[in-house]
Amino acid sequence: MTTPGIRPLVAGNWKMNGSLGMAGTLIGDLKARLGQGALPVDLLVCPPFPYLGAVAAALGGSAISLGAQDCHAANSGAHTGDVAAPMLADLGCGYVILGHSERRTDHGESSATVAAKAKAALAAGLTAIVCVGETEAQRNAGEELKVVEKQIVESVPAEANAGNTVIAYEPVWAIGTGKTPTSADVEAMHRHIRALLKQRVTGGAEIRILYGGSVKPGNAAELMAVAEVNGALVGGASLKAEDFWGIAEGAARSAG
Ligand code: PGA
């Protein structure tokens, strides 16, 4: 089960959803649940850029970490509309999601771009959550291991280690669709990613590998119990405190 010695991380990717009011309510509810008894998992919320400051204030001193959903590869400069990694660190972010499939698709981000962003994030003291995952066509063609291997090789910078990098395996066809791979397929992919990390980066045996794609309270415990699954990157279900907490409880059961 999971990976002995690695504490799970349950991360909420709010994407372009929510409002200032919703953010306050959600954080308040999560803090109240945390107050009733901590779980043996790390919790992270990644709101849209405009809400980071307010969420940082709302989190104030709680055990829930704050992250962003992207950053630029440069530390400053003429990049209208972009946000630099040191700015995120300034706001109290500890993490940044990079190379999510929606960024790779909507903004044409290549793995080289993701690696450059990850380098900037690490230099700013952030932990980079590097996302990888195959499309449905690639899986149907039996190419999923090869595709994800290439993404890992090209997106994870040489400076990566267990303290500054998390990998999120998110099959594109499972994101927001309600579909999930079988536990056997998740295990095969996570074992492959673990082997690559061990070969390529210092401390690769301890880097957290999250599963993402239609994680819900009802399937979290089963998915989180799979070998080499060290937590979840949660989209839709992270927008409701009850669901996000339910997933954290599922991860806790599997870790325990
Ligand atoms: P989902 O999204 O949980 O809504 O499928 C996951 C993600 O894109 O990170």
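When a residue number appears, it is its place in the shown sequence, counting from 1. Start at 1 and go down the list; that is how both ligands and their atoms are numbered.
Using a 4.0 Å cut-off to heavy atoms of His100, the atoms of ligand 1 that qualify are 7 (C), 8 (O), 9 (O). Close approach of ligand 1 to Gly213 (heavy-atom distance below 4.0 Å) involves ligand atoms 5 (O). Atom numbering of ligand 1 starts at 1 in the shown order; those under 4.0 Å from a heavy atom of Asn13 are 9 (O). Listed by number with element, the atoms of ligand 1 under 4.0 Å from a non-hydrogen atom of Ala174 are 5 (O).
In summary, of the residues considered (Val10, Asp29, Leu34), a side chain to side chain contact (heavy atoms under 4.5 Å, CB included) with Trp245 occurs for Leu34 alone. Residue His100 forms a side-chain hydrogen bond (donor to acceptor under 3.5 Å, both in side chains) with just one option from His107, Gln69, Glu170, Glu109, and that option is Glu170.
The protein heavy-atom contact nearest to atom 4 (O) of ligand 1 is Gly236 N, 2.8 Å. Of the protein's non-hydrogen atoms, the one nearest atom 7 (C) of ligand 1 is Glu170 OE2, 3.0 Å.
In summary, Glu249 and Arg253 do not engage in a salt bridge, as defined by a charged side-chain N under 4.0 Å from a carboxylate O.
Minimum interatomic distance between Gly67 and Leu52 (heavy atoms only, all atoms of both residues): O-CD2, 3.4 Å.
You'll find the side chain of Asp243 stays beyond 4.5 Å of the side chain of Lys216, heavy atoms only.
Counting heavy atoms under 4.0 Å from ligand 1, residue Ile175 touches it through both backbone and side chain.
Under a 4.0 angstrom heavy-atom cut-off, Ser214 registers as being in contact with ligand 1.
Leu122 and Val153 are not part of a single hydrophobic cluster, where members link through side-chain heavy atoms under 4.5 Å apart.
Comparing heavy-atom distances from atom 5 (O) of ligand 1 across Cys131, Gly235, Gly176 singles out Gly176 as nearest.
Taking any N or O of Thr177, backbone or side chain, none lies under 3.5 Å from an N or O belonging to ligand 1.
A side-chain donor-acceptor contact under 3.5 Å links Ser111 and Arg104.
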